[in-house]
Amino acid sequence: MKPLIVADNAIPYLKGVFEPWADVRYLPAAAITAQEVKEADVLIIRTRTRCNERLLADSKVGFIATATIGFDHIDTSFCQQHNIIWRNSPGCNAGGVQQYIMSAIATYTKKYQLQLNQLTLGIVGVGHVGKRVEAMAKLLGMRVLLNDPPRAEEETAFCSIPLSAIAAESDVITFHTPLTTDGLFPTKYLADETFFSSLACCPLVINAARGGIVDEQALLQAYDNGKVSDFVLDCWENEPHLNAEALEKALLATPHIAGYSADGKANATQQCVRNVAEYLGIESLKDYRVTALEQLSPVTICPDDYLNQQLAAYPISKDSDVLKLSPDTFEQQRTDYTLRREIEFV
């Protein structure tokens, strides 16, 4: 008997891959319920599927692959207690988020007629995404400050400056941490009232990591008090129910699509396929590559005219305008999002 895979039908480049070896049931995220996964051996999901006791308790699921960097939607303790293996897709959308961040910064600098090489960028969380943002910012002449205490503990050569120094010296602050509530370095409300009150340079604040890393009420208070010049939100505390005031006042507000590049989606699907193939013992798929992007031309720009070309390649304000006009269609905007190609420099 073939194993049964239940997969989110919004994951691109997946249909047809496993069919020779498994029965595959493609469902909308909202339809991936306990009843639907009861007989499943494998789940391939996104963040919209909460993999917890309620979903998994009476199921046969032995493996979960999520097409996302984050995994806070997976109850890892429950999985460990019930011998359910899970794998995320680290770094899959790092290039897409980098593109998003730089388009946001380009929008901000054009608004205020600022020069990139005169700005200090504070990056909080320097993993796969933060490293990419760091590299691009330095290429464009920005001064870059890095905060990542967990990485500093693991890598003696990495220097993490205190969060207080980020607050004191940065003209732009962008967050790229996972959302955690325990351990030595919890990130829930990392940017809280205390953090915002300590800001010295009236920065642009960007959250394209996870909702809840930035306390939205504290952010709004800081914005109203002139401690924050502008803010950009892609991730929200109570998705898909958005803070109406934050939506209105944000320089840019988008429906959790920062990493939604065609390249990032292909990377995520590729990692999921390889991980599931490893679990199911499908040798021919263990080095699987998504080839669909080979038919699409990459986007190339020249650093000499970066701002204009960046915004032409990814006009981020269009995504923001759609969400501000129709916040009730948050989920539909994510599902129907037109994937963009990532940028290559020439």
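From a predicted model like this one, the values you see are computed outputs, not experimental measurements.
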Could you check whether any side-chain N or O of Ser89 sits under 3.5 Å from a backbone N or O of Gln271, counting only pairs where one atom can act as donor and the other as acceptor? no

Asn9 and Leu27: side chain to side chain contact (heavy atoms under 4.5 Å, CB included), yes or no, with the steps? CA-CA 5 Å; Asn9 68 359; Leu27 298 170; 5.8 Å; no

The single option from Val228, Leu251, Asp171 that satisfies side chain to side chain contact (heavy atoms under 4.5 Å, CB included) with Leu204 is Leu251

Evaluate the side chain to side chain contact (heavy atoms under 4.5 Å, CB included) criterion for residues Cys51 and Leu56: first the C-alpha distance (whole Å), next the side-chain angles of each, then the deciding distance (0.1 Å), finally the verdict. CA-CA 7 Å; Cys51 291; Leu56 302 169; 4.1 Å; yes

NZ-CG distance between Lys324 and Asp319, expressed to the nearest 0.5 angstrom: 13.0 Å

Pair listing, ring pair (Phe, Tyr, Trp, His ring centres under 6.0 Å) test, anchored in residues 21-45, at least two apart: none

Looking only at side chains, do Asn243 and Gln217 share a donor and an acceptor under 3.5 Å apart? yes

Atom CD1 in Ile44, atom CG in Asp8: separation rounded to 0.5 Å? 10.0 Å

For the residue pair Tyr223 and Ser229, confirm or rule out a side-chain donor-acceptor distance under 3.5 Å. no

Separation between OH (Tyr337) and OG1 (Thr254), nearest 0.5 Å, reads 8.0 Å

Report yes if some heavy atom in the side chain of Asn117 is under 4.5 Å from a heavy atom in the side chain of Leu140; otherwise report no. no

Shared hydrophobic cluster for Leu14 and Ile282 (ILVMFWY, side-chain gaps under 4.5 Å): yes

Residue pair Lys188 / Ile213, side-chain heavy-atom distance below 4.5 Å: no

Can you name the ring pair (Phe, Tyr, Trp, His ring centres under 6.0 Å) partners of Phe196, sequence neighbours left out? none

Heavy-atom closest pair (Ala168 atom, Cys201 atom, distance to 0.1 Å) is O-SG, 3.4 Å

Quick one: does Arg341's side chain get under 4.5 Å of Asp263's, heavy atoms only? yes

For the residue pair Arg340 / Gln99, report whether a side-chain donor-acceptor contact shorter than 3.5 Å exists. yes

Any chain of hydrophobic side-chain contacts (each under 4.5 Å) joining Leu114 to Leu139? yes

Minimum side-chain heavy-atom gap Asp215-Glu237 below 4.5 Å: yes

Side chains of Ile84 and Ile64: does their closest heavy-atom pair fall under 4.5 Å? yes

Considering all heavy atoms, the nearest Ala165-Leu145 contact: O-CD1, 4.3 Å

Could you check whether Lys265 makes a cation-pi contact with Tyr260, meaning its NZ or CZ is under 6.0 Å from the centre of the six-membered ring and within 45° of the ring axis? yes

Is the closest side-chain donor-acceptor distance between Glu216 and Tyr189 under 3.5 Å? no

If you measure from OH on Tyr13 to CG on Leu339, what distance do you get to the nearest 0.5 Å? 5.5 Å

Where do Gly127 and Asp148 come nearest, in terms of heavy atoms and distance? N-OD2, 4.0 Å

Checking the side chain of Asn267 only, and the main-chain atoms of Gln270 only, is there a donor and an acceptor separated by less than 3.5 Å? no

Determine whether a donor-acceptor pair (N or O, by modelled atom type, separation under 3.5 Å) exists between the side chain of Asn52 and the backbone of Leu55. yes

Other residues, nucleotides and ligands only: do more than 12 of their heavy atoms fall within 6.0 Å of NZ on Lys249? yes

On a heavy-atom basis, which atom in Ala94 and which in His128 lie closest, and how many Å separate them? CB-O, 3.7 Å

Side chain to side chain contact (heavy atoms under 4.5 Å, CB included) between Ser198 and Ser164, intermediate numbers included: CA-CA 7 Å; Ser198 68; Ser164 59; 5.9 Å; no

Heavy atoms, side chains only, cut-off 4.5 Å: are Leu247 and Leu323 in contact? yes

Heavy-atom donor-acceptor pair, Thr68 side chain to Gly70 backbone, under 3.5 Å: yes

No-hydrogen, no-angle side-chain donor-acceptor test under 3.5 Å, Ser261 and Tyr100: no

So does Ala65 get a backbone contact from the side chain of Arg87, meaning a donor-acceptor N/O pair under 3.5 Å? no

Please tell me whether Val205 and Leu121 are part of a single hydrophobic cluster in this structure, the criterion being side-chain heavy atoms less than 4.5 Å apart. no

Under 3.5 Å, is there a donor-acceptor pair between the side chain of Glu19 and the main chain of Gly16? yes

Using a strict threshold of under 4.0 Å (side-chain N to carboxylate O), is an ion pair present between Asp72 and Arg210? yes

Asp234 side chain to Ala258 backbone, donor-acceptor under 3.5 Å: yes

Any non-hydrogen side-chain atom of Thr66 less than 4.5 Å from a side-chain atom of Leu43? no

Atom pair OG/OH of Ser103 and Tyr314 - distance to nearest 0.5 Å: 6.5 Å

Ion pair Lys286/Glu283, N-O distance below 4.0 Å: yes

Kindly write out the residues that satisfy ring pair (Phe, Tyr, Trp, His ring centres under 6.0 Å) with Phe63, not counting sequence neighbours, or none if the list is empty. Tyr279

Could you verify whether a donor N or O on one side chain and an acceptor N or O on the other, from Ser317 and Ser320, lie under 3.5 Å apart? no

Is the side chain of Asp192 donor-acceptor paired with the backbone N or O of Phe195 at a distance under 3.5 Å, no angle test? yes

Does Arg274 count as lying over the ring of Tyr288, i.e. NZ or CZ under 6.0 Å from the six-ring centre, within 45 degrees of the axis? no

Between His256, Glu239, His73, which is the residue that forms a side-chain hydrogen bond (donor to acceptor under 3.5 Å, both in side chains) with Arg48? Glu239

Counting N and O atoms only, with roles assigned by atom type, does the side chain of Ser170 sit under 3.5 Å from a partner on the main chain of Ile166, one being a donor and the other an acceptor? yes

Heavy-atom neighbours of Glu193 CD exceed 12 at 6.0 Å: no

With no hydrogens and no angle check, is any side-chain donor or acceptor of Thr335 less than 3.5 Å from a backbone partner on Glu331? yes

Is atom CG of Asp321 surrounded by more than 12 heavy atoms (other residues, nucleotides or ligands) closer than 6.0 Å? yes

Closest approach of Val37 and Val61, non-hydrogen atoms and distance? O-CG2, 3.9 Å

What do the steps show when you test Ile206 against Ile173 for side chain to side chain contact (heavy atoms under 4.5 Å, CB included), and what is the final call? CA-CA 6 Å; Ile206 306 171; Ile173 302 174; over 6 Å; no

Taking C-beta and beyond as the side chain, do Arg46 and Ile11 meet within less than 4.5 Å on heavy atoms? yes

Tell me whether Ile45 is reachable from Ile5 by hopping between hydrophobic residues (I, L, V, M, F, W, Y) whose side-chain heavy atoms are closer than 4.5 Å. no

Provide the closest heavy-atom pair for Pro162 versus Asn147 in the form atom of the first, atom of the second, distance. C-ND2, 3.7 Å

Separation between CG (Asp230) and OH (Tyr108), nearest 0.5 Å, reads 6.0 Å

